[in-house]
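Contents: one structure, followed by commentary.
The figures here come from the full heavy-atom set of this structure, side chains too, leaving out hydrogens, waters and symmetry mates. Chain naming here is simple, since letters A, B, ... match the order of the sequence lines and numbering starts at 1 in each.
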Amino acid sequence: MSSFAGRMREYPTVSLDRFDRENLHAQAYFLSHCHKDHMKGLKGPLLKRKLQFSRTVRLYCSFVTKELLLNNPKYAFWEEYVVALELESPTQISLVDEASGEVEEVVVTLLPAGHCPGSVMFLFEGRQGNVLYTGDFRLAAGDASRMELLHSGSRVKDIQSVYLDSTFYDPRFYQIPSREVCLRGISELIGNWISQSSYHVVWLNCKAAYGYEYLFTNLGDEFGTQIHVNSLAMFKKMPEILSYVTTDRRTQIHACRHPKDEEFFQGNRLPCGCTAADGTPLRIISIKPSTMWFGERTKKTNVIIKTGSSSYRACFSFHSSYSEIKDFLSYLRPVNIVPSVVPIGRTLAEVTLRLMCRNRSDDAAITYKPLGVLKRSRVQRPAYGDTDTANYFDCTESNGEDDDDEEEEEEEGKGDTRTAEGGEDAPKWEDFFTTEPLSDSQNSQSHSCCSPSRETGSQTPDLFGDVEDQTPENLETFSLTMSASLSNHSSQNLDDTLILPQQNPNAKAEPEELPASPDFDIPSTPESKAPQPDDLLQLYRKLASGEEVVIRGGRGGGGGGPVEGQ
DNA sequence: GCGATCAGAT
DNA sequence: CACATCTGATCGC
């Protein structure tokens, strides 16, 4: 869940996806997509009042987001203040201080985010450099290289900061089957069922949120049917979706919902009723889309799991996996990465610093390399959705023997052995875990405007908090605890798990056992454990001697680039 | 009575 | 496991 406070360091007079608190003073608003957790404060009376007194403040979003937003009566008052922007059309926006008359110009570009209908990323280019706010996104490996406006000529634009959807920015979520693979699994399950008789129906148990429409349209095409939903109103101006949904329940594919009675239907499922028009009992299976993930080396990857006699779980993700995020960042190589999801018990400053990439050694390498080497090759590929070769199998099935497979099987996408994007100068993933201190130039931009608060996390991360006091000691300490907490997230594939010493479960009870640091707390995660002094001592010695602290299973030691084997 | 916030469930 | 949302309890105005 996003905990982004709404503002970016470089352009603090604009607010994105947050509309409360400090954001009430913004000079321009941006909404990346129409999910409630990105609309906090958007229906607030305070904001409404402010708009009535302002002549310049506007809300910018995509056309689809505007449509979805205004469709909801609670946000209808935005009508006269929303400015929809075309995708991939740089637009100059004047940020006006209405008190002083000062104006700052910034060019914003909407890039498709693949998260839900209308979802976009915002690229800002202006006096304070280029920054990319990703909103929430699901992009496949290589997608960044296909976005024209992330490039200048044949080069990637120099990005100062990426404000990142870090939902699955954790090695536990190394891979999530691609959209295409998930869709194919769901299609196969549905096809096998509804072909048996016209009384065989499926219920897609979807959450109340935009983002499943992709399923509806593809399944609609595949089976030549419409999908039963509760309302068509939000799609009335979107023929591409509208034609695939219906409020007529006489169809074999349902995504209808019944907020109250769902529990009553637990045994029997379909919210709109369990008998056909002629009174015949329907034969119902339910499919619940939910996120499934697999480790780096996992090969068995069923996207459909049977959870009961007539219920299934199907893989479906709104967010990019760890390896997809990794690919994205490796390609863009921003100076700073600011995660949108801050773990409870940590400040944004800690995590931000931790994620800084382009460390000193990288910069040195860049500085001294001939220019030609800097070019990052762009991969030209056909548009989305025209191929059923799934990324997923490209990086799993190809490199090994077949394990025994289960009931729902997918065929492998073969023959599409494209090369890894990013080129040979892509940073190794380990670079992002550096314990190096900030370079001077990075440090100098870390001005604090509020005290280094230790807010419990997710709600109001401390974007403008103190980053300056991040000493090397702090970095080391943080690195240790971060890894420690990862080691407890028992991955589905232990080989991918970072292995660290066992630790004491009573972490919170014994804070004094930790090395003194004014800016550091033990994470309060229930399953996390405090390091024992002996363990810490050993780790510090290793760190001091430059030894690798993170132990990777399999693969014969370090040095493997992030894209190897793909 | 409304909004904000949190716990809990799905 | 996760997400995005809804409901209901509680608190403050």
Side-chain angles (χ1 to χ4, degrees), chain A residues 1-4 17-21 24 32-49 68 72 74 113-117 119 135-138 165-177 182 203-215 230 234 255 257-267 269 271 286-295 298 301-303 305 307-308 311 313-322 324-325 340-341 343-344 455-460 485-494 496-497 525-528:
Chain A
M1 203 75 69
S2 176
S3 52
F4 180 60
D17 289 354
R18 281 292 290 266
F19 309 91
D20 57 350
R21 301 168 173 253
L24 284 165
S32 69
H33 64 289
C34 225
H35 277 167
K36 295 277 195 308
D37 59 324
H38 289 252
M39 299 161 70
K40 201 170 186 189
L42 195 55
K43 62 175 184 294
L46 291 171
L47 189 49
K48 189 172 179 177
R49 176 71 55 86
L68 297 176
N72 185 334
K74 285 177 175 163
H115 176 70
C116 71
S119 68
D136 285 351
F137 71 96
R138 175 89 200 262
D165 169 19
S166 55
T167 304
F168 292 136
Y169 191 72
D170 180 318
R172 280 184 297 167
F173 311 111
Y174 194 89
Q175 47 184 327
I176 295 170
C182 295
W203 177 45
L204 297 169
N205 183 2
C206 300
K207 300 272 169 62
Y210 298 118
Y212 300 98
E213 294 75 13
Y214 151 83
L215 267 186
N230 287 22
M234 60 288 265
R257 305 182 334 110
H258 202 305
K260 201 65 186 171
D261 295 6
E262 212 162 277
E263 53 223 40
F264 291 81
F265 290 101
Q266 283 298 314
R269 299 287 160 358
S286 76
I287 303 174
K288 190 187 184 82
S290 53
T291 311
M292 294 179 192
W293 58 86
F294 304 92
T298 309
T301 54
N302 220 349
V303 300
I305 303 279
T307 54
S311 57
R313 215 155 58 90
C315 185
F316 189 91
S317 179
F318 291 124
H319 298 273
S320 275
S321 67
Y322 180 79
E324 286 164 346
I325 298 171
S340 66
V341 179
I344 307 271
E455 302 180 65
T456 43
S458 300
Q459 304 306 60
T460 51
S485 82
L486 286 177
S487 75
N488 284 308
H489 294 152
S490 62
S491 155
Q492 294 174 11
N493 177 357
L494 288 176
D496 298 323
T497 306
T525 317
E527 64 273 14
S528 71

Is it the case that the side chain of A:His35 and the backbone of A:Tyr210 share a donor-acceptor pair, with hydrogens and angles ignored and the cut-off at 3.5 Å? yes
Atom-pair distance (CG on A:Leu46; C1' on B:dC2), nearest Å: 13 Å
Provide, to the nearest angstrom, the distance between the NZ atom belonging to A:Lys40 and the P atom belonging to B:dC6. 8 Å
Whole angstroms only, please: what is the CG-P distance between A:Asp20 and B:dA4? 9 Å
Across the strands shown, which category fits A:Arg313 at heavy-atom distances under 4.0 angstrom: base, sugar-phosphate, nothing? base
So, do A:His115 and A:Phe318 have ring centers that fall under 6.0 Å from each other? yes
A:Ser32 and A:Asp17: side-chain donor and acceptor closer than 3.5 Å? yes
Keeping A:Ser311 on the side-chain end and A:Ile287 on the backbone end, is there a donor-acceptor pair under 3.5 Å? no
Provide, to the nearest angstrom, the distance between the CD1 atom belonging to A:Ile305 and the C1' atom belonging to C:dA2. 14 Å
Whole-Å distance separating the CG atom of A:Leu42 from the P atom of B:dG3: 15 Å
Gap between atoms OH and C1', on A:Tyr169 and C:dA2 respectively (whole Å): 19 Å
Donor-acceptor contact present, side-chain A:Asn205 to main-chain A:Ser286, <3.5 Å: no
Base-contact (B) and sugar-phosphate-only (S) positions in nucleotides 3-13 of chain C, heavy-atom cut-off under 4.0 Å, - elsewhere: BBB--S-----
If I take atom CZ in residue A:Arg18 and atom C1' in nucleotide B:dA4, what distance separates them, rounded to the nearest angstrom? 12 Å
Is it true that A:Arg313 and A:Ser290 share a donor-acceptor pair across their side chains at a distance under 3.5 Å? yes
Taking NZ from A:Lys48 and P from B:dG3, how many angstroms apart are they, rounded to a whole number? 11 Å
